[in-house]
Amino acid sequence: MTTFDEKLLQCRNEIDEIDQQLVDLLAKRRKVTSRVGELKSQVGMPIFAPQREVQLLQKLRNQAKQANVSEQLIEDIFRRIMRDSYSSQDEQGYQCINPKAGKVVVIGGHGQLGQVFVDLFTRTGYDVSVMGRNDWDNAQSFFAGASLVIVSVPINVTKQIIDSLSGLPNDCILADITSIKSVPLQAMLNAHNGPVVGLHPMFGPDVQGFIKQTIIVCHGRGEAKYQWLLDQFSVWGANNFVVSAKEHDDAMAMVQVMRHFSTASYGYHLMEENVDLKQLLAMSSPIYRLELAMVGRLFAQDPALYADIIFSNPDNVVMMKRYAERFLTLLSAVEKNDKTAFINTFNQVANWFGDDAQNFLIESKSMLEKTSENK
């Protein structure tokens, strides 16, 4: 008679064999996606095809349902597989949209974010020069023959650097990649008579490429002359999102300034309360672990960067004061034990979010499930 241990071992051996087949199939799939990358690079087709991804995921969910397999499981697995596919296509290189372009100069290209742009322009076949703080005496030799100059320096010196620019070729594109836009864009328009565009990459220097990343575009002057640059971003897989400089800065007051300031304040509070982080993590559900992770992530990075973002605009102070007033309004309801006032405010906010609240609930559930797996 076959024992329990023998039956269990047989099942495990079958699982191991299936797992090996899955690994072999994934390796085979990656070779095919690499060929796809080669084909796309030849014609300048973007690596990321949103419509194709949506269609493929829906097809896979339907197949999973017919096979009595969790649709969410299949979607999760294939989203991860597709991320790897994009990576394999990235390794094949990209089509150079403007092979006749002259030199690309990245001022501050030795910095972390600047290096990301330098790497992609170089791998795509452009002639790239990196200009550092010790190169200003030779600035004119750097700018000679330049078709694109990108300013990639800390916020607090961006305007100063732009104001000091001179001698750029008339048809040279001048761009910045700073997280504020109104002041740098106007400074570039004043400093250069040629094409000007303000850019804000909505990602940090830890990205491997531009696939599925957003770059905010604020038009300045000569849009037709820098369209090739935006097309190159698209080929690299980025989503170009166009807004005015004012719209950008107003939105960043919410997206960046408020979030960073709130996170910094919460971290400061945790320190002053001298909480036991290990104990707090051990008792936390996935959502609280994720929140703590986001707080800790902030304090693992350059404080000057976040200080520059928060201090970049005096109007940010007015916004943060309004935030503090609303915090105190809710706190007052708690202090007075006025649950009705709190619930009424809660419902007002819920109505304002509308259907997005439910959508965020579903999206966050998926994220939290992944957080639980990594615990």
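Since we're looking at a predicted model, the values are computed, not measured. Starting from 1, each residue takes its place in the sequence as its number.
- With respect to the salt-bridge test (charged N to carboxylate O, under 4.0 angstrom), the residues D16 and R12 do not qualify.
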Practice problem: Step by step, work out the ring-ring contact (aromatic ring centres under 6.0 Å, His included) result for F117 and F210. | Solution: CA-CA 9 Å; F117 281 82; F210 284 9; 5.2 Å; yes

Practice problem: For the pair I162 and Q186, evaluate side chain to side chain contact (heavy atoms under 4.5 Å, CB included) and give the outcome as yes or no after the intermediate values. | Solution: CA-CA 10 Å; I162 293 171; Q186 187 58 55; over 6 Å; no

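- Under the side-chain contact (heavy atoms from CB on, under 4.5 Å) criterion, Y323 pairs with M258, S262, sequence neighbours left out.
- For CZ of F241, the number of neighbouring non-hydrogen atoms (other residues, nucleotides, ligands) closer than 6.0 Å is 12 at most.
- The 12-atom threshold is exceeded at CG of D356, counting heavy atoms of other residues, nucleotides or ligands nearer than 6.0 Å.
- Side-chain atoms of D76 and Q72 include a donor-acceptor pair closer than 3.5 Å.
- By the 4.5 Å heavy-atom criterion applied to side chains, Y226 and L148 are not counted as neighbours.
- Ring centers of F142 and W136: at least 6.0 Å apart, outside the cut-off.
- Here the closest non-hydrogen pair linking V149 and A146 is CG2-CB, 4.1 Å.
- For S234 and N240, the side-chain atoms include at least one donor-acceptor pair closer than 3.5 Å.
- Using the six-membered ring where Trp is involved, H269 and Y266 have ring planes that are parallel, under 30° apart on the 30 and 60° scheme.
- Counting heavy-atom neighbours within 6.0 Å of K103 NZ, excluding the residue itself, gives a total above 12.
- No more than 12 heavy-atom neighbours from other residues, nucleotides or ligands sit within 6.0 angstrom of CZ on F261.
- Annotation: ring-ring contact (aromatic ring centres under 6.0 Å, His included) contacts of F143 (sequence neighbours excluded): none.
- Considering Q21, Q20, K28 as possible partners of D24, the one that fulfils the side chain to side chain donor-acceptor pair (under 3.5 Å) test is Q20.
- The pair R79-E75 meets the salt-bridge criterion, with a side-chain N (NZ, NE, NH1 or NH2) lying under 4.0 Å from an Asp/Glu carboxylate O.
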Exercise. Test side chain to side chain contact (heavy atoms under 4.5 Å, CB included) on M294 and T263 and set out the steps.
Key: CA-CA 8 Å; M294 296 308 295; T263 302; 5.7 Å; no

Practice problem: Under the side chain to side chain contact (heavy atoms under 4.5 Å, CB included) rule, what do K212 and E53 come out as? Steps first, then yes or no, please. | Solution: CA-CA 12 Å; K212 288 192 173 184; E53 182 176 293; 3.0 Å; yes

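- In the hydrophobic clustering of ILVMFWY residues, with side-chain heavy atoms under 4.5 Å counting as a link, L199 and L113 come out together.
- Q301 CD: more than 12 foreign heavy atoms inside a 6.0 Å radius.
- Here the side chains of M202 and V255 are in contact, with some heavy-atom distance below 4.5 Å.
- Across all non-hydrogen atoms, the minimal contact from I309 to V257 is O-CG2, 3.8 Å.
- For the pair Q232/Y126, a side-chain contact is recorded, criterion being any heavy-atom separation below 4.5 Å from C-beta on.
- Side chain to side chain, D119 and Q115 fail the donor-acceptor criterion of an N or O pair below 3.5 Å.
- No continuous path of ILVMFWY side-chain contacts below 4.5 Å connects L277 to M271, so the two sit in separate hydrophobic clusters.
- In this model, a donor atom of one side chain and an acceptor atom of the other lie less than 3.5 Å apart for S244 and E247.
- No more than 12 heavy-atom neighbours from other residues, nucleotides or ligands sit within 6.0 angstrom of CD on E335.
- Atom CZ of F203 has more than 12 neighbouring heavy atoms from other residues, nucleotides or ligands inside a 6.0 Å radius.
- Taking 4.5 Å as the limit, some side-chain heavy atom of L165 sits within range of a side-chain heavy atom of I107.
- Between R29 and D84 no salt bridge is recorded (no basic side-chain N to carboxylate O distance below 4.0 Å).
- Counting non-hydrogen atoms of neighbouring residues, nucleotides and ligands closer than 6.0 angstrom, the CG atom of D355 reaches no more than 12 such neighbours.
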